[in-house]
Amino acid sequence: MAKEITSRQQDYSQWYNDLVLKGGLADYSAVRGCMVIKPYGYALWENMRDQLDRMFKDTGHQNAYFPLFVPKSLFEAEEKNAEGFAKECAVVTHYRLKNDPSAKGKLIVDPEAKLEEELVVRPTSEAVIWNTYKDWIQSYRDLPILINQWANVVRWEMRTRLFLRTAEFLWQEGHTAHATKDEAMIETVKMLDVYAKFAEEFMALPVIKGVKTESERFAGAEDTYCIEALMQDGKALQAGTSHFLGQNFAKAFDVKFLNKENQQEYVWATSWGVSTRLIGALVMAHSDDDGLILPPKIAPLQVVIVPIFNKDAEAKKKIDETAGRLMRELKDIGVRVKYDDSDNSRPGWKFAEYEMKGVPVRIAIGARDIENNVAEVARRDTKEKQTVSLEGMAGYVGGLLNDIQQAIFEKAKAYRDAHITPANSWDEFEKILDEKGGFVSAHWDGSAETEDAIKEKTKATIRCIPLDNEQEEGKCILTGKPSRQRVLFARAY
RNA sequence: CGGGAGGUAGUUCAGCCCGGUAGAAUACCUGGUUUGGGACCAGGGGGUCGCAGGUUCGAAUCCUGUCCUCCCGACCA
């Protein structure tokens, strides 16, 4: 059994790596644990980023940028945060190289150029940002501060995976400061809602909003809210987090403000982030054996037009004209479309290629079609082909893109919903994890010890306590102690 | 950091056990025929066999060291 699971996991990893590599999203790089995001993958990220950015601005946030390097003394100011990240920090200790006296053409680190204080390459930016906010905040009139930054961070993980866990990754991190606890808590949940909306509406990725248990909480946070998604292999993936930081960072960095009553108070903080990991989530949630399946709303390319032509120049010209007209119509309604009339590859090759890249809609036009004033429209998600009249084609395709977006979401949601399974006994609990996978909804006595013990036995962790959770009396799945509600367990990435 | 598998042409890999001229497929270039689901023919270019030592007349192959990658585990918000 264990062997089967291991081999299944290996196959799944292989499937995933192939999707990313052959889909043209990314490559391995020469640097340990890092990856190269290729133009196609980056275009996808840009679409996601632009949409998120709009949503942040719609909720009153502004972008700014803070330094990559964090002096060690600043980094260690918030103890829990520092401790949580200490094991995975890249550290700059020197600022200069010099020629190696014993090997021509080689360089060595100049021992003379040792930094007085080491610089930590940010694994997250709370420390630099709160050290800055300290100078920005004096009065309640300076609050709230609602800032987001798009940046890269470095976390020196033992084991990396394309997009899901790389040593360096791109993300956004919002850092807000508020006058009251209530306001900060509202902000935390508001941004969680933004993430959930983005995941579901744009990535077609159904997510469960919830709160983390103490052991899964962000280092330095009072509460960590998250959106959890389910992958097709039955493992869960944390897709985004929003943290209520309380006054922990304010106290660590001495960020106080004078309230209306002329009293000094510590400010209340939140931080929230999503990363290029979302691309991994997208790949694993929707793709099939023929390649990627990208949701139309964020796909770099929504429609590809493939001409079917031979040496007949006259026929090719007609196809070009028809395709050109169709392209203009599609662009007019805001569709991202490409006409691939390259002579390097034949139609069959192109079909396979664009399927691998997950382009939602393919339109094939040949001389035969033009005689009949039609074209062949194929959708990537179901692989259905239809012959559609060229009259009103743009409108048809626009509608089809919406249908596909919806269909991908519904499919993922049906899978997810079918994989939230209640367990009422330990045997059942283990059996579901081993055989079916997905989320297991079970009672838990609320203690970190029990959570650890369950993890030890099954590798499953508590993904979250869903926000809209029903209260229900029950007994802990492991210890039998009383419990007031079920929580969601799963094996996770 | 432990276990396993690997590093040879742009890519995927064979060759290694048993040392003796560097291979295949694919991609690429030229010409031609093709084009409705990854075309075919002919010709051509391309590799410090991860790196460093050692053994040997001779090393991709054997030995030692070292670096890197992937998978599993540990670790990880």
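Residue numbers start from 1 in every chain, and the chains themselves are labelled A, B, ... in the order their sequence lines are given, proteins ahead of strands.
Atom CZ of Arg165(A) and atom P of C70(B) are 14 Å apart (whole Å). Atom CG of Asp27(A) is separated from atom P of U69(B) by 14 Å (rounded to the nearest Å). We find that CZ of Phe309(A) is positioned 11 Å from P of U35(B), with the value rounded to whole Å. In this structure, NZ of Lys80(A) is placed 19 Å from C1' of C76(B), rounded to the nearest angstrom. Asp289(A) has its CG atom 17 Å from the C1' atom of G37(B), to the nearest Å. A straight line from NZ of Lys459(A) to P of G73(B) spans 5 Å, rounded to a whole angstrom. The CG-C1' distance, from Asp340(A) to G36(B), rounds to 15 Å in whole Å. Per the geometry, CZ belonging to Arg346(A) stands 7 Å off P belonging to U35(B), to the nearest Å.
Within the 4.0 angstrom heavy-atom criterion, no nucleotide atom of any strand lies near Gln14(A). Within the nucleic acid shown, Pro307(A) has no heavy atom closer than 4.0 Å to any nucleic acid atom. Contact annotation for Gly220(A): no contact, since no heavy-atom pair falls under 4.0 Å across all strands. Using a 4.0 Å heavy-atom criterion, one finds that Lys385(A) contacts the bases of the nucleic acid, with or without backbone contacts as well. Within 4.0 Å (heavy atoms only), Met35(A) reaches no atom of the nucleic acid at all.
Between U34(B) and G38(B), the distance separating the two C1' atoms is 15 Å to the nearest Å. The gap from the C1' atom of C17(B) to that of G44(B) amounts to 36 Å, rounded to the nearest Å. Nucleotides A60(B) and G20(B) place their P atoms 9 Å apart, quoted to the nearest Å. Comparing C13(B) with C1(B), their P atoms are spaced 27 Å from each other, to the whole Å. Distance noted for atom P between U30(B) and G23(B): 26 Å (whole Å). Comparing the C1' positions of U26(B) and G46(B) gives an interatomic distance of 14 Å, to the nearest angstrom. Here, C49(B) and C70(B) have their P atoms 24 Å apart, quoted to the whole Å. Nucleotides U61(B) and G53(B) have their P atoms positioned 14 Å apart, rounded to a whole Å.
Distances from the side chain of Asn17(A) to the nucleotides G36(B), C70(B), C75(B) place C70(B) closest. In this structure, the nucleotide among U35(B), G38(B), U69(B) sitting nearest to the side chain of Tyr28(A) is U69(B). Of the listed nucleotides (G37(B), U34(B), C71(B)), C71(B) has the atom at the smallest distance from the side chain of Ser13(A). Of the candidates G73(B), G37(B), U35(B), the closest approach to any side-chain atom of Asn310(A) belongs to U35(B). Listed nucleotides: U34(B), G38(B), C70(B). Nearest to the side chain of Met356(A): G38(B). Listed nucleotides C75(B), G37(B), G38(B) differ in distance to Phe351(A); the shortest reach to its side chain belongs to G37(B).
In this structure, Glu88(A) CD and Glu157(A) CD are separated by 4.5 Å, a value rounded to the nearest 0.5 Å. Between atom CZ of residue Arg486(A) and atom CH2 of residue Trp444(A) there is a gap of 15.0 Å, rounded to the nearest 0.5 Å.
Lys212(A) forms no cation-pi arrangement with Tyr225(A), by the criterion of a distance under 6.0 Å to the ring centre and an angle within 45° of the ring axis. Cation-pi geometry between Arg463(A) and Phe439(A) is not met: the NZ or CZ atom fails to fall both under 6.0 Å from the ring centre and inside 45° of the normal.
Put simply, Arg161(A) has no side-chain N or O that comes within less than 4.0 Å of OP1 or OP2 on C76(B).
When only modelled atom types and interatomic distance are considered, Glu173(A) and Ser125(A) share a side-chain donor-acceptor pair under 3.5 Å. For the residue pair Tyr12(A)/Lys235(A), the side-chain donor-acceptor check at 3.5 Å is not satisfied. Using modelled atom types and a 3.5 Å distance limit, the side chains of Glu391(A) and Tyr396(A) yield no donor-acceptor pair. Judged by distance alone, the side chains of Ser345(A) and Glu353(A) never bring a donor and an acceptor atom under 3.5 Å apart. There is a side-chain donor-acceptor pair under 3.5 Å between Ser13(A) and Arg161(A).
Nearest-nucleotide mapping onto RNA chain B: of Glu376(A) and Glu216(A), the residue sitting toward the 5' end is Glu376(A). Comparing Glu353(A) and Arg463(A) by the nucleotide of RNA chain B that holds the closest heavy atom to each, the one mapping nearer the 5' end is Glu353(A).
Proximity of Val374(A) to Leu390(A): side-chain heavy atoms (C-beta onward) are nowhere separated by under 4.5 Å. Between Phe429(A) and Thr458(A), the closest side-chain pair of non-hydrogen atoms falls below 4.5 Å.
Checking G19(B) for Watson-Crick or G-U wobble geometry (two distances, each under 3.5 Å) identifies no partner in any strand. Under the Watson-Crick or G-U wobble criterion, with both distances below 3.5 Å, A9(B) has no partner in any strand shown. In this structure, C1(B) forms a base pair with G73(B), meeting either the Watson-Crick or the G-U wobble geometry with both donor-acceptor distances under 3.5 Å. Remark: C51(B) base-pairs with G65(B). Criterion, Watson-Crick or G-U wobble with two distances under 3.5 Å. Summarising the base pairing, C40(B) is matched to G32(B) through a Watson-Crick or G-U wobble pair whose two defining distances lie under 3.5 Å.
Taking the centre of each ring, Trp272(A) and Phe56(A) come in below the 6.0 Å mark.
A donor and an acceptor atom sit less than 3.5 Å apart, one in the side chain of Lys311(A) and one in the base of U34(B).
Counted within 6.0 Å of NZ on Lys318(A), heavy atoms from surrounding residues, nucleotides or ligands total 12 or fewer; the atom is thus considered open.
Residues from residues 357-374 of chain A with heavy atoms under 4.0 angstrom of RNA chain B, sorted by number: Arg362(A), Ala364(A), Gly366(A), Ala367(A), Arg368(A), Asp369(A). Residues from residues 85-94 of chain A that place a heavy atom under 4.0 Å from any atom of RNA chain B, listed by number: Phe85(A), Lys87(A), Glu88(A).
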